[in-house]
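Start at 1 with the first residue, then count along the sequence.
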Amino acid sequence: MCRLYAMHANEPTRVECGLVKAQNALMAQSRGDLQGYAHGHGWGVADYPDGVPMIEKQVWAAFHGEHFTRNAARIYAKTVVAHVRRATVGGTSIENTHPFEHGKWIFAHNGTVPNFDQVRMKMLDHIDPLHRSEIAGTTDSEHIFRYLLSLILVHPERGLLTVVRDGLENILAWSAEIDPKARVGLNIILTDGEHMIGSRYNRSLHYLFRDHAFQCPICQRSHVQHSPTIDYQAIEIASEPVTFVDEWYEVPNKSVFRVGEDYRLDMAPFGHRFSN
């Protein structure tokens, strides 16, 4: 069980409040989320300052020390993915800390694949040798990331969301073969800085859409150095609402989604066929 946060906008945006200052900021969730669970087995934050992902990761809790706070304060980007970890599969190490990276791709996961040692054997048969050789840790999450990238490599013509949905459905099917009663958790965020894909499966997930630059009620400042020639649009996605003054919505359970050109979520249940 982990907690994640993502932001995708059409203008560079500060995320310090969502990560540190808000009532239920990700740092607060690392100490204790709304269900009372701590997520102190590491943290990571990724953004794209020059079109290439920059990642800071540590193995201690986000609420320990100033590293997480300082990192959050520096970020001013169009795309951000952050994660605080509660380890279930794989020990506490940098190699097992989210987000995971390959080229421009960034990936974070909230959930668990039960009986992973058995599911892993089925998954490895479908992971490209390049990606298999680059698996550095022991988490189910990193294996899912490499498996999805392998499918994207083989089937670029099918569209990103379709490939991701099919890959996640395969993981669910493999898990069901081993134990039909197993409760799989598959909340993911996958982005290359331009596209953002995700899913909710048996873990909480919420989103907030913004269609104008605004003065933040937390810090009393704008998060954007707004250009008047652009209609500001942004979406925030989080395991739990990070603010209590905004209108957050639940992502439907057992669904996949993409951030559309209007920065709203295009959502559909698993099994739905998407057009590219």
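Aromatic ring centres of His195 and Trp105 lie farther apart than the 6.0 Å criterion allows. For Phe68 and Phe63, the ring centers are positioned 6.0 Å apart or more. Taking the six-membered ring for Trp and the full ring otherwise, the centers of His8 and Tyr263 sit less than 6.0 Å from each other.
The environment of Glu261 atom CD is sparse: at most 12 non-hydrogen atoms of other residues, nucleotides or ligands sit within 6.0 angstrom. The number of heavy-atom neighbours closer than 6.0 Å to CD of Glu66, taken from other residues, nucleotides and ligands shown, is 12 or below. Few gaps surround CG on Asp262; more than 12 heavy atoms of other groups in view lie less than 6.0 Å from it. Within 6.0 Å of atom CG in Asp50, 12 or fewer heavy atoms from other residues, nucleotides or ligands are found, so the atom counts as exposed in its surroundings. Environment of CZ in Phe214: crowded, with over 12 heavy atoms of neighbouring residues, nucleotides or ligands closer than 6.0 Å.
In summary, the side chains of Asn170 and Tyr147 do present a donor paired with an acceptor at a separation below 3.5 Å, with no hydrogens or angles considered.
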Next item on the list: Might you work through the salt bridge (Lys or Arg N to Asp or Glu O under 4.0 Å) test for Lys78 and Glu194, ending with a clear yes or no?
Entry: CA-CA 9 Å; Lys78 292 183 179 181; Glu194 297 181 10; over 6 Å; no
Notebook entry, point to check: Between Glu16 and Arg74, does a salt bridge (Lys or Arg N to Asp or Glu O under 4.0 Å) hold up when you go through it step by step?
Noted result: CA-CA 8 Å; Glu16 184 180 10; Arg74 72 150 182 89; over 6 Å; no
Note to self: Pair Arg86, Asp33 - check salt bridge (Lys or Arg N to Asp or Glu O under 4.0 Å), show working.
What the structure shows: CA-CA 11 Å; Arg86 180 180 173 88; Asp33 63 20; over 6 Å; no
Check: Run the side chain to side chain donor-acceptor pair (under 3.5 Å) check on Tyr232 and Thr13 step by step: do they pass?
Finding: CA-CA 10 Å; Tyr232 178 74; Thr13 303; 2.8 Å; yes
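In this structure Tyr249 satisfies the side-chain hydrogen bond (donor to acceptor under 3.5 Å, both in side chains) test together with Glu247, sequence neighbours excluded.
Looking at every heavy atom in both residues, Arg132 comes nearest to Ile127 through NH1-O, 2.7 Å.
Side-chain atoms of Val154 and Asp128, non-hydrogen and from C-beta on, never get closer than 4.5 Å to each other.
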